[in-house]
Amino acid sequence: MSNRIGPDQIRAMKGREKIPALTAYDFPMTRLLDEAGIPLILVGDSLGMVVLGYKDTTSVTMEEIEHHLRAAARAKPRALLAADLPYRSYDDPQLALKNAQRLIAAGADAVKAEGGRKILPQVQAIVGAGIPFIGHLGMLPQSVREEGGYRIKGKIESERAALIEDAKALAAVGAFAIVLELVAPPVAVEMTRSISVPTIGIGSGLDCDGQILVTSDLLGLFPWFTPKFITPRLNAAEQMRTVITEWRASISPSPKI
Ligand code: KIV
């Protein structure tokens with residue numbers, strides 16, 4: 001019998017223990033996170049910025065997610081391995097289902113997409129086909145161009161009410177968890193209390209059911225940009241620079257006197 005973590009186990013963590021989740025885009029990181037006991041690993045489209053060098057997530061393609069997902073899946077994690085449906089890959093229910101099936105074929109246990117009631121028919125098509133689904137509400141990085149930047153959501157009453165309705169709608173059609181990105185912390189608390197599935201926050205305060213981070217931000221692996229809400233716990237880029245510089249010096253002939 002498999003001891004792999006499934007959507008039911010993640011859902012059952014709500015109210016019992018905090019859910020730690022991190023991103024991975026390749027074999028070694030997936031294996032490291034899994035060995036560290038992270039139960040939920042996401043091949044996120046943050047891949048676009050922290051690995052592929054794009055300005056935002058809107059350039060990430062299905063093929064790129066599939067390529068990195070296959071590498072992550074080769075680690076055969078015990079963790080639930082989720083993958084992002086990239087920008088424009090779920091514009092209608094048929095397309096959403098076709099692309100969700102592609103991600104499952106590439107090794108994902110679940111898929112995630114951004115949006116609430118607007119994408120409900122797509123979520124219904126995915127869940128209806130038996131594919132586990134994670135929602136994503138709040139600041140939606142795939143809409144950053146229309147939005148003109150990243151900002152906290154839920155500070156005004158209309159946004160607060162919409163977020164709560166979106167969370168309820170996603171939970172009602174079968175999302176087994178919902179990522180809350182840059183949601184005003186009191187609203188994230190309200191959303192968490194309003195639904196029976198776990199909320200997993202990023203930049204949304206500490207009172208969600210779980211927390212997710214882009215692993216490169218946690219480890220200081222992408223020093224050129226660090227989101228305001230995170231203090232890296234390791235300065236990996238700086239340590240790498242030091243080791244590389246020392247190695248470079250070590251193979252150079254000593255200067256002749
Ligand atoms: O793409 C990603 O890494 C994400 C997380 C930040 C939640 O969606």
Side-chain angles (χ1 to χ4, degrees), residues 10 18-26 29-30 33 38-62 64-69 71-72 79-90 99-100 103 106 108-116 119 123 132-145 147 149-153 163 166-167 170 175-183 188 191-192 197-206 208-219 221-222 225-230 232:
I10 299 291
K18 289 281 181 186
I19 303 164
L22 285 167
T23 62
Y25 318 104
D26 59 24
M29 188 59 81
T30 306
L33 299 183
I38 298 298
L40 173 54
I41 299 175
L42 173 71
V43 179
D45 59 1
S46 49
L47 162 73
M49 285 100 89
V50 299
V51 176
L52 301 178
Y54 297 139
K55 197 161 158 278
D56 56 47
T57 60
T58 61
S59 301
V60 176
T61 63
M62 271 299 292
E64 286 165 341
I65 293 277
E66 285 172 307
H67 175 78
H68 287 268
L69 171 58
L80 186 142
L81 187 63
D84 264 336
L85 280 161
Y87 185 58
R88 306 304 306 258
S89 72
Y90 50 101
N99 285 324
L103 295 184
D109 301 309
V111 302
K112 173 167 86 57
E114 298 180 5
I119 63 157
V123 180
F133 180 82
I134 301 177
H136 187 148
L137 296 173
M139 176 60 217
L140 307 179
Q142 292 175 9
S143 307
V144 67
R145 292 185 184 201
E147 296 264 335
Y150 299 92
R151 67 171 183 89
I152 297 189
K153 295 288 179 144
L163 282 167
D166 281 337
L170 287 177
F176 73 89
I178 304 178
V179 167
L180 305 185
E181 179 157 359
L182 291 182
V183 172
M191 293 165 84
T192 300
V197 300
T199 57
I200 305 184
I202 172 162
S204 302
L206 291 177
C208 296
D209 297 306
Q211 294 290 327
I212 184 163
L213 287 177
V214 171
T215 304
S216 313
D217 295 338
L218 179 67
L219 301 182
L221 262 175
F222 193 82
F225 174 76
T226 308
K228 283 199 193 103
F229 57 84
I230 176 164

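Values below: every heavy atom of this structure, side chains too, minus hydrogens, waters and symmetry copies. Atoms within a ligand are numbered from 1 in the order they appear, just like the ligands themselves.
Taking CG from Leu137 and CE from Met191, the interatomic distance works out to 5.0 Å, rounded to the nearest 0.5 Å.
Ligand-side atoms of ligand 1 in range of His136: 8 (O), range being under 4.0 angstrom from any heavy atom. Within ligand 1, counting atoms from 1 as listed, the ones closer than 4.0 Å to a heavy atom of Asp84 are 1 (O), 2 (C), 8 (O). Less than 4.0 angstrom separates some heavy atom of Thr23 from each of these atoms of ligand 1: 3 (O). Atoms of ligand 1 lying under 4.0 Å from any heavy atom of Ile202, numbered from 1 in the order shown and given with element: 6 (C). Atoms of ligand 1 lying under 4.0 Å from any heavy atom of Gly44, numbered from 1 in the order shown and given with element: 1 (O), 2 (C), 3 (O). Heavy-atom proximity to Lys112, at under 4.0 Å, picks out these atoms of ligand 1: 4 (C), 8 (O).
A donor-acceptor pair under 3.5 Å is formed between the side chain of Lys18 and the backbone N or O of Cys208. Proximity of a side-chain donor or acceptor of Glu114 to a complementary backbone N or O of Gly135 within less than 3.5 Å is not detected. Here the side chain of Asp209 pairs a donor or acceptor atom with the backbone of Thr199 at under 3.5 angstrom. A donor-acceptor pair under 3.5 Å is formed between the side chain of Ser204 and the backbone N or O of Ile202.
Contact record, Thr192 with Ala188: OG1-O, 2.7 Å, taken as the closest heavy-atom pair.
Looking only at protein heavy atoms, the nearest one to atom 5 (C) of ligand 1 is Leu42 CD2, 3.9 Å. Given atom 2 (C) of ligand 1, the protein heavy atom at minimum distance is Ser46 OG, 3.3 Å.
Using a 4.0 angstrom heavy-atom cutoff, Glu114 does not count as in contact with ligand 1.
The 12-atom threshold is exceeded at CZ of Arg151, counting heavy atoms of other residues, nucleotides or ligands nearer than 6.0 Å.
The shortest N/O to N/O separation between Asp45 and ligand 1 falls below 3.5 Å.
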